[in-house]
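Every number for a ligand or one of its atoms is a count from 1 in the order of the listing.
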Amino acid sequence: MEKQEKNTEVCPPVDLSGEAGWTPFDAPSLVGASLRFVSGEPDGNRYRVRYYKDDAEQLRARIWFGPETEGPPGHAHGGAMAAVLDEVLGLAAWAAGHSIVVGNLNVSFRNLLPLEQVVTVESEVVSAQGRKVMVHGRICLGETVFAEAECLCITIRDK
Ligand SMILES: CCCCCCCCCC(=O)SCCNC(=O)CCNC(=O)[C@H](O)C(C)(C)COP(=O)(O)OP(=O)(O)OC[C@H]1O[C@@H](n2cnc3c(N)ncnc32)[C@H](O)[C@@H]1OP(=O)(O)O
């Protein structure tokens, strides 16, 4: 059987700039440098991401799904979208002052997401009661929603 060659060419730079009124958000200075799965290769072929807060202080991300996130031909893998929602919505709870891990993530895939396109992740912390913090979010571009999620975050117990 013929072995398929892996394409190792690095994709060209992409524009991850935010919208008017957004301010850059430094995720590693809040949670450390451990979030490498999504954010760890800013010039690579998996994801490229940049975080912002909007004028309502909600976390936003501009994200490019590279060829290494492929699932259906030419489009992002559902797990790749779920990983992004896990990171961004969890981070949104941290950015709102809650030290959490994600306990439950419910994702609905609404449209196929074409690769090598910059999209937006929106998030909103909708409630915080006891140890439970609910964050909603979606991956979208203009009016098109690719995936939306409800994320139940649980605050970490004091050791
Ligand atoms: C340090 C920097 C981190 C930055 C992170 C940002 C983004 C990254 C996000 C992630 O990827 S986190 C990694 C994925 N998540 C995990 O691996 C979490 C693994 N699970 C756990 O560690 C524990 O199960 C958990 C802390 C979520 C809960 O365990 P606990 O023993 O502390 O809590 P407990 O089971 O007593 O539950 C507390 C409450 O939460 C509820 N709960 C817990 N897990 C739930 C769940 N999965 N679904 C629904 N409800 C849940 C539970 O019913 C209960 O409700 P009540 O108080 O009303 O009784």
note = Between Ser123 and Leu59 the two heavy atoms that sit nearest each other are OG-O, 2.7 Å

task = Take Tyr51 and Glu87 through the side chain to side chain donor-acceptor pair (under 3.5 Å) test and state the conclusion after the steps.
result = CA-CA 11 Å; Tyr51 286 106; Glu87 173 162 323; 2.7 Å; yes

message = As a quick check of understanding, evaluate side chain to side chain contact (heavy atoms under 4.5 Å, CB included) for Phe109 and Met81, giving each step before the final call.
response = CA-CA 9 Å; Phe109 301 106; Met81 288 189 265; 3.8 Å; yes

task = Kindly identify the option in Asp86, Leu152, Leu85 whose heavy atom sits closest to atom 50 (N) of ligand 1.
result = Leu152

note = With heavy atoms and a 4.0 Å threshold, my read on which part of Ile156 contacts ligand 1 is neither

Atoms of ligand 1, numbered as shown, that sit under 4.0 Å from any heavy atom of Leu91 = 6 (C), 7 (C)

message = So which atom in Ile100 and which in Gly90 form the shortest heavy-atom distance, rounded to 0.1 Å?
response = CD1-O, 3.5 Å

request  = If you have a sec, work out which protein heavy atom is nearest atom 32 (O) of ligand 1 and how many Å separate them, to one decimal?
outcome  = Arg131 NH2, 2.7 Å

ask   = When you look for heavy atoms under 4.0 Å from ligand 1, do you find them on the side chain of Glu87, its backbone, both, or neither?
value = backbone

key: Closest to atom 25 (C) of ligand 1 (judged by heavy-atom distance), picking from Thr155, Val88, Val101   = Val101

message = Which option wins on minimum heavy-atom distance to atom 18 (C) of ligand 1: Leu89, Val102, Ile100?
response = Val102

ask   = So is there a nitrogen or oxygen of Arg157 less than 3.5 Å from a nitrogen or oxygen in ligand 1?
value = yes

query = In a check of salt bridge (charged side-chain N to carboxylate O under 4.0 Å, His left out) between Arg138 and each of Glu124, Glu122, Glu148, which one passes?
reply = Glu122

key: Within-cutoff protein neighbour (heavy atom, under 4.0 Å) for atom 13 (C) of ligand 1   = no

query = Does atom 23 (C) of ligand 1 have any protein heavy atom closer than 4.0 Å?
reply = no

query = Where do Thr69 and Ala80 come nearest, in terms of heavy atoms and distance?
reply = CB-CB, 3.8 Å

request  = Check each atom of ligand 1 against the heavy atoms of Gly90 and keep those under 4.0 Å away; list them by number with element.
outcome  = 6 (C), 7 (C)

query = Can you check whether Met134 reaches Val125 side chain to side chain, under 4.5 Å on heavy atoms?
reply = no

message = Quick check on atom 47 (N) of ligand 1 - does any protein heavy atom sit closer than 4.0 Å to it?
response = yes

query = Would Arg60 and Thr120 count as having a side-chain donor-acceptor pair, cut-off 3.5 Å?
reply = no

ask   = Which residue and non-hydrogen atom of the protein lie closest to atom 40 (O) of ligand 1, and at what distance in Å?
value = Ile154 CD1, 3.3 Å

message = Counting only heavy atoms closer than 4.0 Å, does ligand 1 sit against the backbone of Val31, its side chain, both, or neither?
response = both

request  = For ligand 1, find out whether one of its N or O atoms is nearer than 3.5 Å to an N or O atom of Lys132.
outcome  = yes

request  = Provide the full list of ring pair (Phe, Tyr, Trp, His ring centres under 6.0 Å) pairs with a residue in residues 13-35, sequence neighbours left out, each pair given once.
outcome  = Trp22-Tyr52

request  = Check whether any protein heavy atom sits under 4.0 Å from atom 29 (O) of ligand 1.
outcome  = no

query = So which protein heavy atom does atom 4 (C) of ligand 1 come closest to, and at what separation?
reply = Trp94 NE1, 3.7 Å

request  = Find all atoms of ligand 1 within a distance of less than 4.0 Å from any non-hydrogen atom belonging to Asn104, and give their numbers and elements.
outcome  = 48 (N)

query = Can you list the steps and then say if Cys153 with His98 is a side chain to side chain contact (heavy atoms under 4.5 Å, CB included)?
reply = CA-CA 9 Å; Cys153 303; His98 306 284; over 6 Å; no

